Amino acid sequence: NDQTGLYSVFRNPWHTPLTIFIAVVGVIAIVALVTVAVLQNKPLIPKYKYGIVLDAGSSHTAMYIYEWPAEKDNNTGRVEQTHSCKVKGPGISSYASDPKKAGQSLQVCMKEAERFVPSERHEETPLYLGATAGMRLLNIENSTASDQVFQAVSESLQKSPFSFQGARILSGQEEGAFGWVTVNYLDDRLKQVCTTGALDLGGASTQISFVSDAFDGSESPNNSVNFRLYGNDYNLYTHSFLCYGKDQVLRMALSGPGSISDPCFHNGYSESKNYMTLYNSPCVSKRKPVSSPADFTHVGKGNFYQCQELVKSVFDFTQCKYTQCSFNGVYQPTLQGPFGAFSAYYFVMNFLNLTDTSVPLQSVKEALARYCSTPWETIKKQHPGIKLKYLAEYCFSGTYILTLLTEGYNFTSETFSKIRFIKQIKGSDAGWTLGYMLNLTNMIPAEAPDTPLLPHAGYVSVITVIALVLFLLFVLSLRPLWPRCSQKPQIV
Ligand SMILES: Nc1ccn([C@@H]2O[C@H](COP(=O)(O)OP(=O)(O)OP(=O)(O)O)[C@@H](O)[C@H]2O)c(=O)n1
Ligand SMILES: [Ca+2]
């Protein structure tokens with residue numbers, strides 16, 4: 001019957017200090033927390049910054065535009081690909097005889113970039129051009145022509161309103177390492193220990209990069225790249241095989257003995273080809289026969305297993321001065337972890353409908369054998385929209401990929417299933433360009449960025465919980481926990 005204690009709180013709440021206190025605390029807390037949340041929150045209209053990278057590959061050039069939230073300069077911003085543009089025509093190394101055209105070929109995509117990047121950002125937006133194996137080969141063959149191509153390309157890019165940071169040849173090691181950075185940055189693995197290996201297949205070179213516990217770089221320092229990213233140290237194994245891009249390997253296979261009747265091309269395929277175009281590459285010039293006719297007829301006889309033997313002939317498995325090698329005497333530690341295979345790996349396996357690595361490797365080989373034994377006339381009818389040059393080569397390319405992965409890199413049916421054939425990750429293309437830009441713009445700090453006390457979402461949920469509890473207490477202080485008794489409690 002206490003008329004002044006807890007009972008009175010429920011009877012007429014507004015006259016008790018407890019309720020008023022809770023109400024005031026609750027309101028202050030909610031206002032304070034929401035204020036902090038808003039301050040920590042992103043401005044409603046995010047402002048972006050941009051970066052542009054041109055990938056001058058052996059077979060083509062592509063332009064990528066990246067964007068990230070401007071206020072996140074403290075390196076925790078998510079850099080994303082916001083646009084890409086495929087340059088019409090061949091790679092810049094093909095313009096050796098007319099370098100000016102190399103620069104002109106980039107203009108259309110550069111104009112597109114001017115429209116895509118807000119004009120007020122143009123002059124602060126860094127612009128890079130990186131060239132890969134096509135220009136490495138041209139530089140070997142004719143360094144003057146290579147310099148002239150870069151001169152023409154630089155003049156062309158300097159005319160753009162962006163902040164041009166230079167055009168250069170990437171080393172194979174950089175190409176492999178930056179491809180690995182891109183894949184792991186996009187897959188959010190740089191804050192974890194377990195990373196994804198990177199497999200890149202181009203037209204003139206191919207790269208393999210992965211972290212292996214068994215590799216500390218001592219056995220083959222040239223294959224070792226050390227990164228300290230977000231507070232984690234990575235000792236990366238990487239190797240780039242020049243001339244082992246699929247276009248150059250095709251030349252090597254064609255320049256082999258008895259290549260005129262070719263098991264890697266479909267039955268019924270017959271094209272006259274010119275030895276000059278076949279041999280005008282440092283990758284095959286050593287194989288050029290002393291006296292060869294100007295032209296030859298390239299005839300297909302479609303046999304996957306014979307094609308695999310022909311493709312194996314471009315690898316040297318005999319020499320290895322290390323504890324273990326992949327091929328051509330190159331050291332390679334034991335494969336470890338999942339892998340992302342991109343660029344031509346994806347183009348080819350996607351076309352062949354063989355990107356599902358949950359299918360046993362043996363079944364993949366059988367499917368490819370069926371495809372290779374399909375007559376050329378049938379193949380053309382089945383794929384009317386595909387460029388004949390690409391279409392004719394998929395049997396060869398698929399066989400090369402399987403041979404490179406299993407015989408070259410020693411992927412087994414078990415480790416093959418850990419490969420993912422990918423074109424993009426979260427909307428950004430897998431390749432060396434994003435990793436290259438992140439590195440040059442220092443957007444991946446060596447140390448872990450100072451994360452806010454609570455991640456934004458966590459902060460909001462804490463606010464919500466406290467606000468709810470206080471609100472509940474406040475409401476409860478207004479209503480008795482028990483049904484209001486209408487009469488005095490009967491004391492029994
Ligand atoms: N839709 C596509 C695009 C390209 N390709 C083939 O894939 C190879 C080119 O792959 P890419 O990654 O573009 O090579 P590059 O970067 O040009 O070469 P590199 O990295 O060696 O400089 C070429 O043989 C091309 O014919 C293909 O089969 N289908
Ligand atoms: Ca490439």
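Every number for a ligand or one of its atoms is a count from 1 in the order of the listing. What you see is a predicted model, and the numbers here were worked out from it, not measured in a lab.
- When each atom of ligand 1 is checked for a heavy atom of Glu175 under 4.0 Å away, the hits are 20 (O).
- Between the side chains of Thr334 and Gln324, a donor-acceptor pair is found at a separation under 3.5 Å.
- The distance from ligand 1 to the heavy atoms of Ser205 drops below 4.0 Å at these ligand atoms: 21 (O).
- Between Glu393 and ligand 1, no pair of N/O atoms sits closer than 3.5 Å.
- Looking from atom 25 (C) of ligand 1 to the surrounding protein, the closest heavy atom is Tyr390 CE2, 3.6 Å.
- Ion pair Lys86/Glu112 not flagged as a salt bridge, since none of the NZ, NE, NH1 or NH2 atoms sits closer than 4.0 Å to an Asp/Glu carboxylate oxygen.
- Checked against the 6.0 Å centroid criterion, the rings of Tyr371 and Phe304 do not qualify as a close aromatic pair.
- In summary, the atoms of ligand 1 found under 4.0 Å from a heavy atom of Ser343, numbered by their order in the structure, are 12 (O).
- A salt bridge does not link Lys273 with Asp295: every distance from a Lys NZ or Arg NE/NH1/NH2 to an Asp or Glu carboxylate oxygen is 4.0 Å or more.
- In the displayed structure, Gln319 atom CD is contacted under 6.0 Å by more than 12 heavy atoms of other residues, nucleotides or ligands.
- Note on ring orientation: taking the six-membered ring where Trp is involved, the planes of Tyr345 and Phe421 are tilted (angle from 30° to 60°).
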Can you give each donor-acceptor pair under 3.5 Å made by side-chain atoms of residues 403-410, sequence neighbours left out, with the distance rounded to 0.1 Å?
unit_1: Thr403; atom_1: OG1; unit_2: Thr399; atom_2: O; d: 2.6
unit_1: Thr406; atom_1: OG1; unit_2: Leu402; atom_2: O; d: 2.6

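- Neither the backbone nor the side chain of Phe351 has any atom closer than 4.0 Å to an atom of ligand 1 (non-hydrogen atoms only).
- With salt bridges taken as basic N to acidic carboxylate O contacts below 4.0 Å, one links Lys426 and Asp188.
- For atom 2 (C) of ligand 1, the nearest protein heavy atom (residue, atom name, distance) is Phe347 CG, 3.7 Å.
- Residue pairs satisfying the side-chain hydrogen bond (donor to acceptor under 3.5 Å, both in side chains) criterion with at least one member in residues 88-97, sequence neighbours excluded, are absent.
- Taking every heavy atom of Leu201 and a limit of under 4.0 angstrom, the matching atoms of ligand 1 come to 12 (O).
- Nearest non-hydrogen protein atom to atom 9 (C) of ligand 1 is Ser59 OG, 3.4 Å.
- Looking at atom 21 (O) of ligand 1, its nearest protein heavy atom turns out to be Ala204 N, 2.8 Å.
- Counting the atoms of ligand 1 from 1 in the order shown, those under 4.0 Å from a heavy atom of His60 are 13 (O), 17 (O).
- Of the candidates Ala56, Ala131, Ser58, it is Ser58 that places a heavy atom closest to atom 19 (P) of ligand 1.
- Every atom of ligand 1 is numbered from 1 in the order shown, and the set under 4.0 Å from a heavy atom of Tyr394 is 27 (C), 28 (O), 29 (N).
- Of the polar atoms of Gly203, at least one N or O is found under 3.5 Å from an N or O of ligand 1, judged by distance alone.
- For Phe178 and Trp432, the distance between ring centers is not under 6.0 angstrom.
- Taking distance alone, with nitrogen or oxygen atoms compared against 3.5 Å, Lys246 approaches ligand 1 more closely than that limit.
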